[in-house]
Amino acid sequence: MCGIIGIVGKTPAAPRVIESLKRLEYRGYDSAGVAVHTPKGLDRRRAQGRIRELEAVLAAEPLEGQVGLGHTRWATHGAPNLRNAHPQKAGRVMLVHNGIIENFAELKAELIAAGRTFESDTDTEVVAHLIDQGLEQGLAPLAAFKAALNRLTGAYALGALIEGETQLVLGARRGSPLVVGYGDGEMFIGSDALAVGPFTNRVAYLDEGDYVAIGPTSAEIYNADGVRVQREVRTVAASAALVEKGNYRHFMEKEIHDQPDACRYTLSSYVDPIGGQARAPDAFDFTRIARIQLLACGTAYYAALIARYLFEDIAGLPTDVEVASEFRYRNPAVAPGTLAVAVSQSGETADTLAALRWCKAKGLTTAAIVNAPESTMSREVDHLWPTHAGPEVCVLSTKAFTAQLTALISLVVAAARQRGRIDAAEEKRLVQTLLEAPRLLSQVIADTEEALRPIAFEISRARDVLYLGRGPMYGLALEGALKLKEGSYIHAEGYAAGEMKHGPIALIDESTPVIIVAPSDAAFEKTRSNMSEVIARNGQVVLITDAEGLAHAPAEARTIVAPTCDPVIAPLIFAVPLQLLAYQVGLAKGADVDQPRNLAKSVTVE
Ligand code: M6R
């Protein structure tokens, strides 16, 4: 969480900081700030709220200068108000931070005892004071910076400016990512390649513990031991054009419509359409492993939950799935021969990364299904299995989810064939089915987008909404509920349809919409019984099904009809009406669907 940009440039810094912060706003948008070396000295502007508020402050009180630092905040320590906005200031130092300094309370007590006074409630200000203290004691800027880093426990990416050092930006990373951008006679630091994307596509990723001093033409990078090191400079594809919303009103709408392409591009790494075969991008051999442990958070967890049904049913491969935040702290008894697979859009989610590292430390083979190719997870795992959804900007995950499902279903087919659970003819049939998914994704958007509008309008007036599904559709019920909560702030819960009578049925009345996701698969009849139970209690059923399911739907249910498809890709196709519904309910409520309150796109703190 939190986004950082630092610039030693040749043109005015403040507008460039703003441009970059707009691309980083997905990391948090509680407050924002900019600091610049002006002709009159180091100065800053800050604003509570979004980047546009900071822009307004800068318009009223501009900052002149070509070297600057910017930050967009997702609050951890201290309320999301102006005095806690970054850059934080102490003496000669202005500092921005992404992460959590765990020992900040002890350090703060020590600094107060030494006579220092604090303006904010942040952990960040402590670090600014430590650096300033080092400067006061006569250390050079880089030495004072390193001395401060040595005192910190916790996670951080940092950027610092120092009064009087007008051609210098300092940066450091431990636990939170930071890149160095190499421009033409100018240099940058940023939270990721997108941050520096408007200025350069040549970046170096700092390793854990690295710190850096950038000047106009060079970067001095040091490792945690203070040894000068080189980090590979790569050309990345995080072009500015990829993150525009084009003619769509919101990134969420665009990204829902991006899904046929996201699926198609992802399939290109996982299936051979000519040979009719599925494979991991690195041809991983699934006969080498005894079981799979899937690890993820949020929407990615629901993709993993759906995949468990398929890995066990189709590939006969024992599969566990757990939210990473639980797994990492419960000392799990993982069987030898387990392949640990993280699923993550960003590749930076702190809990998922920690769970993955735990598995690695236990000697397990690790893999990650990741959308951000240059992320920390991508670089740390034994097997990188990318999704190709392209940058996902909306905080609500949509195309990354269906791209994850695309990759996971392809891996299921590959594992099933390698482990002798299906023959070549069945593999070919399943591959053909996967190859139809992009077309069916286009069709489901076309078939359901308008039909959902009146239902969305009614749901926008509900206080609570239930989502029910069975088998792989259980994971979709959970995902549908999460999308509605995030997009509209309406309370929603997903349940396994069979669980309803064990409690949730008490919530059913005429004012509670119940969204039931039920293609005409083997579980349909059972789910139909659950529908009848809801209808008998005056519940308002919205059934999302296919043509065959429509023929057997209770007359009282409102129906949304998705294209008929093979059960193996049904989770992919049926995800779309749930996303569209959440989007349209959000619109009807006037919610900020791309940046809902309290959330951030990339959750890099635990
Ligand atoms: O980047 P990741 O896929 O690891 O992120 C996991 C969750 O934070 C993410 O899916 C979150 O739940 C989204 N806001 C869901 O829309």
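Atoms within a ligand are numbered from 1 in the order they appear, just like the ligands themselves. Along the sequence shown, the residues carry numbers beginning at 1. Excluded from the calculations below are hydrogen atoms, water molecules and symmetry mates; all remaining heavy atoms, backbone and side chain alike, are included.
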Closest non-hydrogen protein atom to [atom], residue and atom name please, with distance?
atom: atom 2 (P) of ligand 1; result: Thr349 OG1, 3.2 Å
atom: atom 6 (C) of ligand 1; result: Cys297 O, 3.3 Å
atom: atom 8 (O) of ligand 1; result: Val603 CG2, 3.9 Å
atom: atom 16 (O) of ligand 1; result: Glu486 OE1, 2.7 Å

Close approach of Leu396 to ligand 1, heavy atoms, under 4.0 angstrom: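 For ligand 1, residue contact (heavy atoms, under 4.0 Å) with Leu396 is present.
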
- request: Taking the six-membered ring of Tyr205 (Phe, Tyr or Trp), confirm whether the NZ or CZ of Arg231 is under 6.0 Å from its centre and within 45° of its axis.
  value: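 No, a cation-pi geometry is absent between Arg231 and Tyr205.
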
Check this for me - ligand 1, [X], N or O atoms closer than 3.5 angstrom, yes or no?
X: Gln404; value: no
X: Thr352; value: no
X: Ser397; value: yes
X: Gly347; value: no

- prompt: Are Trp74 and Asn598 close enough that a side-chain donor and a side-chain acceptor fall under 3.5 Å?
  reply: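 No.
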
query: For ligand 1, does Glu348 get within less than 4.0 Å through its side chain, its backbone, both, or neither, judged by non-hydrogen atoms?
result: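 Neither part.
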
- prompt: What residues, two or more places apart in sequence or in another chain, satisfy side-chain contact (heavy atoms from CB on, under 4.5 Å) together with Ala451?
  reply: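 Per chain and number, Ala451 pairs via side-chain contact (heavy atoms from CB on, under 4.5 Å) with Ile560.
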
For residues 585-596, which side-chain N or O atoms pair as donor and acceptor with protein atoms under 3.5 Å away, sequence neighbours left out?
unit_1 : atom_1 : unit_2 : atom_2 : d
Asp592 : OD1    : Gln595 : N      : 3.3
Asp592 : OD2    : Arg50  : NH1    : 2.6
Asp594 : OD1    : Phe251 : N      : 3.3
Asp594 : OD1    : Met252 : N      : 2.9
Asp594 : OD2    : Phe251 : N      : 2.8
Gln595 : OE1    : Arg50  : NH1    : 2.8

